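Input: a single structure, listed below in structure tokens.
On a predicted model such as this, the values are computed, not experimentally measured, just so you know. Reminder, nothing fancy here: chain letters follow the sequence lines and each chain counts from 1.
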Amino acid sequence: MVTLTINGEQITVPEGTSIMRAAKQVHVDIPHLCYLEMLEPEYHCRICVVEIEGEPRLAPSCVRQVSEGMKVQTNSARVRRARRMIVELLLANHHIDCPTCERNQTCELLKLAFELGVKEIRFEGEKPHYELDKTSPTIIRDPNKCVLCGRCVRVCHDVQTVSVIGFVNRGLETMVSTFLENGLGNVECANCGQCIHVCPVGAIKEKSAVDEVWAVLADPEKHVVVQEAPAVRAALGEELGLPAGTLVTGRMHAALRRLGFNAVFDTNFSADLTIMEEGSELVKRVKDGGVLPQITSCSPGWIKFMEHFYPDLIPNVSTCKSPQQMFGALSKTYYVEKAGIDPARIVSVSIMPCTAKKFEAQRPEMADSGFQDVDYVLTTRELSRMIKEAGINFASLPDEPAEELMGLYSGAATIFGATGGVMEAALRTAYKLVTGKELEKLDIMPVRGLDGVKTATVNMDGLEVKVAVAHGLGNARKVLDEVREGKSPYHFIEIMACPGGCAGGGGQPISFDLVLRGIRGQVLHNEDKGLPYRKSHDNPSIKKVYEDYLKEPLGEKSHHLLHTKYTRREVV
Amino acid sequence: MERILTKNVGKPNSQDIEVYSGGGGYKALEKALGMKPEDVIAEVKKSKLVGRGGAAFPAGLKWEFTRRESAETKFIVCNADEGEPGTFKDRGILLNDPHLLLEALVIGGYAIGTSKGFIYIRGEYYREIETVEKAVEQAKAKGYLGNNILGSDFSFNVQLYKGAGAYVCGEETALLESMEGSRGCPDCRPPFPAQSGFLGKPTAVNNVETLCNIPAIMTNGGDWYSRIGSPDSPGPKLFCLSGQVNKPGVYELPMGITLRELIENHGEGVKGEFKAALPGGVSSSLLTNLDTKLDYRSVAKAGSMLGSGAVIVINKDTSIIDVAKNTIDFFAHESCGKCSVCREGTRRAREILTRFSNGGGKAEELDLLLELGEVMYDTACCGLGQAAMNATASAIRLFGKEFEQKVRK
């Protein structure tokens, strides 16, 4: 333990503690920009500097560790002057288009400038004029707003282990870019969008489809159907001013109707369908001696990551399309048959917590309905902007259900949005498929929670089924390397690209706080508990779609509409 | 004064091992290997030798810190990434007396307890690289490098790293990053390289000139050395005299000679009339007093720093604004871009000084530059950013009128 004084107050903290952390004990949150909890400090911004008695210069508190007898001032005139000037310098080189910047409600630079009392920008001069990187189908990067904090580089490299962005050039020309400045669309980007969450400013954002969706909603020739992923209902409220942890399923459906969607369905329906298909696939692999472990396929960030970095594991990955794509295919086949609508008139829109879903929807093979199965993907953030733009008072909306045909869902489906949820849902149904009996204890606790890799063993009438769950691509590597080396003891592995699962997807309200992501996941577990059906195979709409249309899991129609193939991709 | 650092310069084939050992070379190594490593360090501490790369850290202490670290693997790195404008002293040694450096490096390795040394050499020093490479081969062949040097238990090898042209890689932590294959950006200290350096191992990083004092200290003793020149920072110093003087060049002189003596007795006087001098390259503040003693403490007392000893003389025909602008142009070009304050600070300072240079300055921008200089000193990660505004700030303080004349009317 180390005893030191911060702002005159003596405290004792463990050795190795940073001054920034220690300062929390004296109720001080030291202003900072490049530092982010969960990422290694890189001390680029120099805003978190503090004064240490006896030292000639100020020290960055994010990385500087405490030492015995140290006397620290976090708020001296010298410190305040330095912080103000650094923010002033950053602003002098920033494209200040705050009113039209989509991060104006969540911009950390804007907040810092205000909180630190920066009153004017005394430096006049050139502003950067870089071209925007629009090569990616999902993410746009604007180097003109970048403050070079390096958080995106760290999250991509350290957390996701994808490493497609880094600093290029030197000094005043330093920028964040990709290999050979080829653009994000031409490298191994998984489209996970975690870089958006950590960006303190508006330098990284999703490629928006809001205007395209407004256009089809206004087109009387079009019949616009919409689906919403599980995790959206756990976070949309946050973005619209409700407390974190507010479940807004009913208001979400109500808002979508008021935006003019012709049929409001729910991705949770197709999540149940995924369980039927994927659970059957697992049982088949186990019984027929197929390739094991089977790995889930609903996270398109994970899929693209796998195609680049683990293409040898393609035989392990479930052939099931993701719930979004299953829904898309059915919206232009099953639904049009039931509703008697020309499929050419259908526009299929999805609301996703995810940026990678935009890429997935555009994959050329995702057209088994005879049309592009999903036409537009909006993130949770984009939907909230549409709701605001339409002037809908979201908080006061009544709860409305989705349309039953493809909108009724079980609790197993809704927990897809939390890490471990797909696994839990699959086990509930796999148990039935293997044993013919219903699983009694539906809450499979070992696969819940925020540990990076979680494992469990489930006894299915003597068959010990071993499972693992990983969220975040860095964690995924740990599990995948075992599979690659032939050492994996598991039958079934769930992988989600984003830390916290879909609750922390790249399209969710801006935050890289894993605890908040856990709260969103808990919202879904709570919803699960209160639903009349908690197992996918109990969902009446699922029974109906098999009876009326698909006939059986892994059947011919399913094979055609609900399953897919993967593509080996290169690593440059 | 008897030349210590440049004693072999001028001898025919001075870079050859035969010439070097013929003049008593590698005898200091022999002596050091007969001593305990701790005693080698004690001798260096006694000499009061401080680093000649710019920071003037006591060399013996640096070795002691590195030696005392418990890690099994340690390294010694010679910083030969000479890049400060006006500094051209190390290349003279590299070209003319590479064995002096190698002998010193082996002694250093023995002292701190490592068998692995590196020379990080400026990439543009093509001939120097070639010369050092040849010297390493010669030393290996003669058994001054390799296993069981001079029949002792001590083994030591040297590897060359070539820089890629970044000035900031002369900063020791950036140098180590560069050696590791990363971007050449400085790291935060602490931990210092002596605790966690190359590959996270304790590493002593010493400038070429610093090391080249070691053989003489081994031969003649630390006490002998500490009596040369200035008592605070004793020893010989290689002064790089440039700018508006009649005879620019590298001069080996005792620490503590005055600026006047250097310019008049050795540089044969100023071309034109003396206005000011940068005593430690473009990172230092301007000096106007010719009677300032050139040693670390005296120059610091006079408000500047001796740095690497690059004395740049400026005459009265030269615009001080252009001097300031030139220094900032350099730093803006060489900033690694990592610290916001250095990257954006040098960018804006360059713009302001360019406007002043063109007669378009604003009066309030002078205070802004001074404030910027203070904030950069306070908050930049490495010496580059901390010192980038020194010349400019001193120019404004000493020659404010020149700036005022360039304010837009």
Report the C-alpha distance between B/K362 and A/E124 in whole Å, list the side-chain angles of each, state the deciding distance to 0.1 Å, and finish with yes or no for salt bridge (Lys or Arg N to Asp or Glu O under 4.0 Å).
CA-CA 11 Å; B/K362 288 184 183 171; A/E124 290 169 18; 2.4 Å; yes
If you draw a 6.0 Å radius around CD in A/E40, do more than 12 non-hydrogen atoms from other residues or ligands fall strictly inside?
no
Evaluate the side-chain proximity of B/E365 to A/R122: yes if any heavy-atom separation is below 4.5 Å, no if none is.
no
Shorter than 4.5 Å, heavy atoms on both sides: which option in A/Q65, A/H44, A/E173 has the most such pairs with chain B?
A/H44
Residue A/E42 versus chain B: region with a heavy atom under 4.5 Å:
both
To the closest 0.5 Å, what do you measure between OG (B/S340) and CG (A/L89)?
7.5 Å
Using heavy-atom distances under 4.5 Å, tell me whether A/V147 contacts chain B through its side chain, its backbone, both, or neither.
backbone
For atom NE2 of A/H95, decide whether the heavy atoms of other residues, nucleotides or ligands shown that lie under 6.0 angstrom number more than 12.
yes
Decide side chain to side chain contact (heavy atoms under 4.5 Å, CB included) for A/R46 and B/C381; before the verdict, give the C-alpha distance in whole Å, the side-chain angles of both, and the deciding distance to 0.1 Å.
CA-CA 8 Å; A/R46 320 303 289 180; B/C381 182; 3.6 Å; yes
Looking at every heavy atom in both A/P60 and B/C188, which two are closest together, and how far apart are they?
CG-SG, 3.6 Å
Which bit of A/L172 is near chain B, if near means a heavy-atom gap under 4.5 Å: side chain, backbone, both or neither?
both
Separation of A/I86 CD1 from B/C339 SG (nearest 0.5 Å)
8.5 Å
Please look at A/V168 and chain B and tell me whether the side chain, the backbone, both or neither of the residue comes under 4.5 angstrom of a heavy atom of that chain.
backbone
B/R183 (side chain) donor-acceptor with A/F167 (main chain) under 3.5 angstrom
yes
Going through the distances and angles, do B/E344 and A/L91 end up as a side chain to side chain contact (heavy atoms under 4.5 Å, CB included)?
CA-CA 10 Å; B/E344 303 306 331; A/L91 290 171; over 6 Å; no
When you check the side-chain N and O atoms of A/N93 and B/R343, is any donor under 3.5 Å from an acceptor?
no
Between A/P41 and chain B, with a heavy-atom cut-off of 4.5 Å, which part of the residue counts as in contact: side chain, backbone, both or neither?
neither
For A/R78, look at atom CZ and say whether over 12 heavy atoms of other residues, nucleotides or ligands are found less than 6.0 Å away.
yes
Take a 6.0 Å sphere around CD of A/E68 and say whether it holds more than 12 heavy atoms from other residues, nucleotides or ligands.
yes
So, the part of A/E126 with a heavy atom under 4.5 Å from chain B: the answer is both
Highest number of heavy-atom pairs under 4.5 Å with chain A: which of B/E351, B/R348, B/E364, B/H333?
B/R348
Compare all side-chain heavy atoms of B/K338 with those of A/Y43 and state whether any distance is below 4.5 angstrom.
yes
Residues 370-380 of chain B vs chain A, non-hydrogen distance cutoff under 4.5 Å, contacting residues -> B/E371, B/L372, B/E374, B/V375, B/Y377, B/D378, B/T379, B/A380
Check whether more than 12 heavy atoms from other residues, nucleotides or ligands sit under 6.0 Å from atom CZ of B/R68, and answer yes or no.
no
Within 6.0 Å of CZ in B/R189, more than 12 heavy atoms from elsewhere:
yes
